[in-house]
Amino acid sequence: MGKKYSTLLTPLFAVPFLISGCGTGGTTSTPDSGDSESGVSDGVVTVDFFNQKPEITAQLEELADMYNEETDGNTRVTITTVGSGEGSAGLQARFSSGDEPALMMLGGLPEVERYSDSLIDVSELDVTDTLIDGTLEGGTIDDIPLGIPLNLEGFGWMYNREIFEEAGINPDSIQSYDDFAEAVETLDSQKEELGIDEVFAFSGGENYIANQFSANFTSPEFNESIIESYEAKELNWEYGDQMKKYTDLFNQYNVQPILTVDYSRSVEELFVNDKVAMVHQGIWIVPTLNDIDPSFAKEKLGLLPVYGESDTEGKIIAGAPFYIGVNKNLDDAVVEESKNFLDWMYTSEEGKEMITGDLAFVPAQEGYEPEDISDPVSQELYRALLAGETGAMTHKQYPDGWFQQVLYPEYQKYLNGDQTWEDFEMNTAEAFKEMR
């Protein structure tokens with residue numbers, strides 16, 4: 001049976017469980033020795049799933065328990081979690097020690113390529129037939145798909161619907177960059193009446209925000225393909241003029257000093273408390289918003305595209321932050337049960353209910369009703385993905401260290417008025433070519 005996979009589009013050591021959220025400190029607990037080791041013992045097949053997203057550990061463990069019951073105890077799926085930026089190193093340590101997991105979460109093409117010799121071709125899985133066209137690209141090496149997308153995420157201008165409505169702005173009427181700029185000026189002219197400090201709270205103090213923002217303008221240069229981005233030898237800023245226009249616009253109407261605005265101030269202090277109308281963020285902020293104001297995401301949150309290719313070509317950047325690979329180095333029974341678990345997780349009714357329920361994922365598969373997805377913005381993203389109206393996560397494919405060491409410092413200089421845009425483009429392009 002032929003499988004559908006396209007390349008048109010574009011998420012510790014031995015056994016500890018990290019139970020804190022990403023980017024925070026936490027505690028670990030260590031199960032009995034061998035609890036998470038994949039293998040076959042006394043007729044029971046143990047499948048260890050290496051997870052790099054601590055915030056979904058409990059939900060994955062619940063899924064594993066459900067599957068274990070489904071197989072009458074003949075299969076035992078265990079979850080080993082390492083996050084807070086240590087997942088990649090933790091996975092390497094597992095391979096170095098000889099305690100290789102059966103299933104592993106992989107963060108994009110660099111990591112997929114690192115383990116490519118150990119991964120099966122996932123085109124043989126049933127779940128592959130259900131995937132949205134192009135979503136396999138981030139897990140594909142040499143035209144062979146080696147990972148199933150965990151879920152989909154997307155980002156653009158997150159806006160407060162309530163503030164837009166009070167300002168008399170219909171978000172559906174924003175169909176171009178000029179419409180967007182007009183909406184910004186309207187919001188600014190009504191700051192006092194709306195009770196907002198500024199229109200934007202762009203996080204100029206966070207390097208990853210500058211990195212994500214750049215993808216709106218590098219994605220069209222690389223033909224909306226993360227593979228082209230990953231293989232690119234140079235970046236020419238073909239759409240740099242668009243990036244400059246946006247940068248000048250939000251910098252003029254942003255909370256200042258812009259370089260001091262971090263995620264906490266932007267999202268947790270200003271945006272959720274109705275003090276700014278827009279931030280450049282993604283759907284991953286929904287849990288943060290829910291923790292502070294459970295009604296915000298459902299009643300106020302909206303998502304606007306960025307017109308990165310031209311003044312009239314707007315897209316939301318979207319893709320899978322991780323891919324799940326199956327380790328082919330283990331016992332045949334373990335490999336087979338690993339494949340079975342993935343198919344069950346994504347195609348069974350129980351698994352699909354968890355995907356859009358407790359996991360609150362935007363699924364990478366066709367066949368869901370947008371209304372089944374947890375919040376309105378995630379529903380918008382899913383519709384955009386199905387319609388092919390998204391750009392690629394090219395920012396995850398830049399040369400190692402480039403966005404931290406070059407893109408962000410050079411962007412800071414421009415935001416702060418310390419260099420011209422021409423110097424920004426020249427310096428970042430030269431370093432991109434050298435570091436690639």
Side-chain angles (χ1 to χ4, degrees), residues 12-20 22 26-107 111-122 124-125 127 139 146-148 150 322-346 351 354 359:
L12 176 47
F13 302 99
V15 290
F17 286 67
L18 182 61
I19 60 175
S20 67
C22 285
T27 58
T28 61
S29 61
T30 305
D32 293 337
S33 178
D35 272 6
S36 67
E37 187 172 348
S38 298
V40 182
S41 178
D42 298 325
V44 177
V45 179
T46 298
V47 173
D48 183 39
F49 186 152
F50 188 90
N51 166 41
Q52 296 198 44
K53 287 178 69 68
E55 64 270 27
I56 63 170
T57 298
Q59 293 89 338
L60 289 178
E61 288 174 344
E62 183 177 348
L63 266 176
D65 289 343
M66 291 165 59
Y67 186 74
N68 295 344
E69 291 181 13
E70 186 84 7
T71 62
D72 297 324
N74 293 320
T75 299
R76 182 169 175 270
V77 177
T78 62
I79 309 298
T80 298
T81 298
V82 183
S84 297
E86 300 298 329
S88 182
L91 184 57
Q92 289 186 66
R94 288 286 299 269
F95 271 78
S96 296
S97 70
D99 180 22
E100 301 178 11
L103 293 168
M104 64 196 84
M105 207 177 283
L106 303 165
E111 205 159 60
V112 174
E113 184 166 34
R114 183 180 302 146
Y115 298 102
S116 58
D117 290 342
S118 298
L119 300 173
I120 70 165
D121 179 344
V122 297
E124 61 189 81
L125 299 181
V127 62
L146 300 173
I148 296 294
L150 173 71
F322 286 95
Y323 286 77
I324 304 174
V326 178
N327 189 346
K328 67 183 181 183
N329 298 335
L330 304 176
D331 188 284
D332 288 347
V334 175
V335 176
E336 196 61 30
E337 274 308 300
S338 299
K339 291 154 55 177
N340 291 341
F341 174 72
L342 274 188
D343 280 335
W344 177 87
M345 175 177 171
Y346 285 105
M354 282 287 290
L359 282 164

(request) Using side-chain contact (heavy atoms from CB on, under 4.5 Å) as the criterion, point out the one residue from Leu103, Leu106, Thr81, Val82 that pairs with Phe50. (result) Val82

(message) Going by salt bridge (Lys or Arg N to Asp or Glu O under 4.0 Å), name the residues that satisfy it together with Glu100, two or more places apart in sequence or in a different chain.
(response) none

(message) Set out, in order, the CA-CA distance, both residues' side-chain angles and the distance that settles side chain to side chain contact (heavy atoms under 4.5 Å, CB included) for Met345 and Val127, then state yes or no.
(response) CA-CA 9 Å; Met345 175 177 171; Val127 62; over 6 Å; no

(request) Please report the C-alpha distance between Asn340 and Tyr67 in whole Å, then the side-chain angles of each, then the deciding distance to 0.1 Å, and finally whether the side chain to side chain contact (heavy atoms under 4.5 Å, CB included) criterion is met. (result) CA-CA 10 Å; Asn340 291 341; Tyr67 186 74; 3.3 Å; yes

(request) Can you sort out the partners of Glu62 under side-chain contact (heavy atoms from CB on, under 4.5 Å), two or more places apart, ordered by chain and number? (result) Met66, Met354, Asp358

(request) Name all residues meeting the salt bridge (Lys or Arg N to Asp or Glu O under 4.0 Å) criterion together with Glu70; count only those two or more places apart in sequence or in a different chain, and write none if there are none. (result) none

(message) Nearest 0.5 Å, please: how far is NZ in Lys339 from CD1 in Ile120?
(response) 5.0 Å

(request) First locate atom CG of Asp332, then atom CD of Glu337, and finally report the distance between them rounded to the nearest 0.5 Å. (result) 12.5 Å

(request) Measure the acute angle between the ring planes of Phe49 and Phe341, then classify it against the limits of 30° and 60° as parallel, tilted or perpendicular. (result) perpendicular

(message) Distance check, rounded to the nearest 0.5 Å: Glu61 atom CD versus Asn68 atom CG?
(response) 11.0 Å

(message) For the CD atom of Glu55 and the CG atom of Leu60, what is their distance to the nearest 0.5 Å?
(response) 10.0 Å

(message) Has Asn327 got a side-chain atom pairing as donor or acceptor with Pro101's backbone, closer than 3.5 angstrom?
(response) yes

(message) Whether the side chain of Gln59 engages the backbone of Leu359 through a donor-acceptor N/O pair (distance < 3.5 Å, no angle test) should be reported.
(response) no

(message) Distance check, rounded to the nearest 0.5 Å: Asp48 atom CG versus Met104 atom CE?
(response) 10.0 Å

(message) Measuring from atom CD1 of Ile148 to atom CG of Leu342, what distance do you get when rounded to the nearest 0.5 angstrom?
(response) 6.5 Å

(request) State whether the side chain of Asp331 and the backbone N or O of Ala333 hold a donor-acceptor pair below 3.5 Å, judged by distance alone. (result) yes

